[in-house]
J.: 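Sharing a structure with you now.
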Amino acid sequence: MAGNLIAPVEDGKIVETESQSSLKKAKDKNSTYSKDTFLRLLVAEVQNQDPLEPTSNTEWISQYATFSELEAMQNMSASFDLSRASSLVGKTVVLQTTSESGKVSTIQGKVDYVTYEGGKAYLSVNGGLYSMDDLHDVIDTEYMTAFDKVYEWSVKLNKLPSYENVTLDDEEDVESLYNEYDKMSDYEKTFVAKENADKIKKYHDRIQELKKNHEESSKPDETEKPGETVKPDETEKPDETVKPDETEKPGESGAVTPEEDGEETGSEGSDNGSEGTETA
């Protein structure tokens, strides 16, 4: 408990920590009733009794029996506290301490270990030692895990912009929170407020709507259907080639065909022959 000897100082005065308040109260309580207390009372009674009417032995025995019963109950309670303290290691607890000025402080944390001194059990929480008498609540580990998870989720949800100001820039945050909520167990979802559950679903639907509108607006204009392309200007048909003039039939032109030349030669030869005949 050496670490608990260190105390903060404010305005030049030592301020008692919650741990020190708890230990001091436990020490005072631990020294209330014991056999020593009974013996002191017995001695005081013998010294101050009326000599003419002394206290009988029966009364002393009865008083001793009463103190013995009280001591046995205290020992039983201490034994129970020691057993219960051991079972708290690793669990989350809530402690409430009261300072000398009457200020009540609440400490929450996991029990790291349990130490025993003078028949009393002390819990180590957040680096300080506290008496078992200051134990207020014991929180189930699963409960605390679910509570912390939903608490952090709710904090991130409240950091989102208002519904009217949500844009596609918030898509990643919204979808992350939506998926996280969707993966929560039924037990964890019991810690989510109904308005928060409705809120994340509403944000998710809004993002989907914005994505759909963005995709529709970014589509290009309707392309022309195949086969309906604009036809190019009709090209002019090639000039109709002028058909060559019909060739003149043989004999209709000034040219002399070989046949005609042969015929003419033959005829001339026959003419010459006839002339030679006539000359002869």
Side-chain angles (χ1 to χ4, degrees), residues 1-44 63-153 155 185 187-188 191:
M1 298 185 182
N4 295 284
L5 298 176
I6 302 174
V9 178
E10 293 182 2
D11 299 330
K13 297 180 180 180
I14 297 176
V15 179
E16 190 177 63
T17 64
E18 292 85 356
S19 177
Q20 290 172 337
S21 299
S22 177
L23 296 176
K24 184 177 181 180
K25 186 173 62 175
K27 183 178 180 181
D28 293 340
K29 185 176 180 180
N30 194 38
S31 60
T32 51
Y33 303 108
S34 64
K35 289 182 179 180
D36 292 337
T37 305
F38 170 74
L39 292 175
R40 285 196 299 269
L41 290 173
L42 179 60
V43 171
Q63 292 175 4
Y64 180 77
T66 302
F67 272 89
S68 296
E69 290 178 2
L70 178 61
E71 185 180 24
M73 293 177 62
Q74 288 178 339
N75 292 337
M76 186 180 297
S77 176
S79 177
F80 176 75
D81 286 345
L82 296 178
S83 176
R84 186 172 61 150
S86 300
S87 66
L88 294 176
V89 176
K91 293 187 177 181
T92 302
V93 297
V94 176
L95 305 167
Q96 284 188 345
T97 63
T98 305
S99 64
E100 291 182 348
S101 61
K103 178 183 177 182
V104 178
S105 302
T106 301
I107 300 94
Q108 177 179 314
K110 186 178 71 173
V111 178
D112 298 319
Y113 63 89
V114 177
T115 186
Y116 305 94
E117 185 176 326
K120 295 286 291 183
Y122 298 92
L123 308 176
S124 174
V125 179
N126 299 335
L129 291 177
Y130 300 88
S131 170
M132 278 288 294
D133 297 329
D134 293 328
L135 181 63
H136 190 270
D137 296 306
V138 180
I139 304 175
D140 179 70
T141 303
E142 184 181 1
Y143 171 90
M144 201 65 211
T145 302
F147 179 85
D148 290 341
K149 180 178 181 179
V150 173
Y151 176 78
E152 293 176 1
W153 180 85
V155 170
S185 64
Y187 177 70
E188 292 172 339
F191 292 85

J.: Count the heavy atoms of every other residue, nucleotide or ligand shown that sit under 6.0 Å from OH of Tyr187, and state whether that count exceeds 12.
T.: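 Enclosed: over 12 neighbouring heavy atoms sit under 6.0 Å from OH of Tyr187.
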J.: OG1/Thr141 to NZ/Lys110 distance, rounded to the nearest 0.5 angstrom?
T.: 9.0 Å
J.: My understanding is that only residues two or more places apart in sequence, or in another chain, count here; which of them pass salt bridge (Lys or Arg N to Asp or Glu O under 4.0 Å) with Lys149?
T.: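 Once residues adjacent in sequence are excluded, the partners of Lys149 under the salt bridge (Lys or Arg N to Asp or Glu O under 4.0 Å) criterion are Glu188.
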J.: Can you name the one residue among Ile139, Thr145, Asp140 that meets side-chain contact (heavy atoms from CB on, under 4.5 Å) with Glu142?
T.: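 Testing each of Ile139, Thr145, Asp140 against Glu142, the sole residue satisfying side-chain contact (heavy atoms from CB on, under 4.5 Å) is Asp140.
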J.: Return the set of residues passing side-chain contact (heavy atoms from CB on, under 4.5 Å) with Ala85 (not counting sequence neighbours), or none when no residue passes.
T.: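 By the side-chain contact (heavy atoms from CB on, under 4.5 Å) rule, Ala85 matches Val114, Ala121, Leu123, Met132.
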J.: Write down the atom of Val89, the atom of Asp112, and the distance for their closest heavy-atom approach.
T.: CG1-O, 3.7 Å
J.: If we check side-chain contact (heavy atoms from CB on, under 4.5 Å) with Ser105, which of these qualifies: Thr98, Asp134, Thr97?
T.: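 The side-chain contact (heavy atoms from CB on, under 4.5 Å) with Ser105 is passed solely by Thr97 among Thr98, Asp134, Thr97.
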J.: Could you tell me whether the side chain of Thr106 reaches within less than 4.5 Å of the side chain of Leu95, counting heavy atoms only?
T.: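 Heavy-atom side-chain distance check fails, nothing below 4.5 Å.
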J.: Do Tyr151 and Phe191 have their ring centres less than 6.0 Å from each other?
T.: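 No, too far apart.
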J.: What do you reckon, is CZ of Phe147 surrounded by more than 12 foreign heavy atoms closer than 6.0 Å?
T.: no
J.: Looking at every heavy atom in both Thr115 and Leu129, which two are closest together, and how far apart are they?
T.: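 Taking Thr115 first and Leu129 second, the nearest heavy atoms are CG2-CD2, 4.0 Å.
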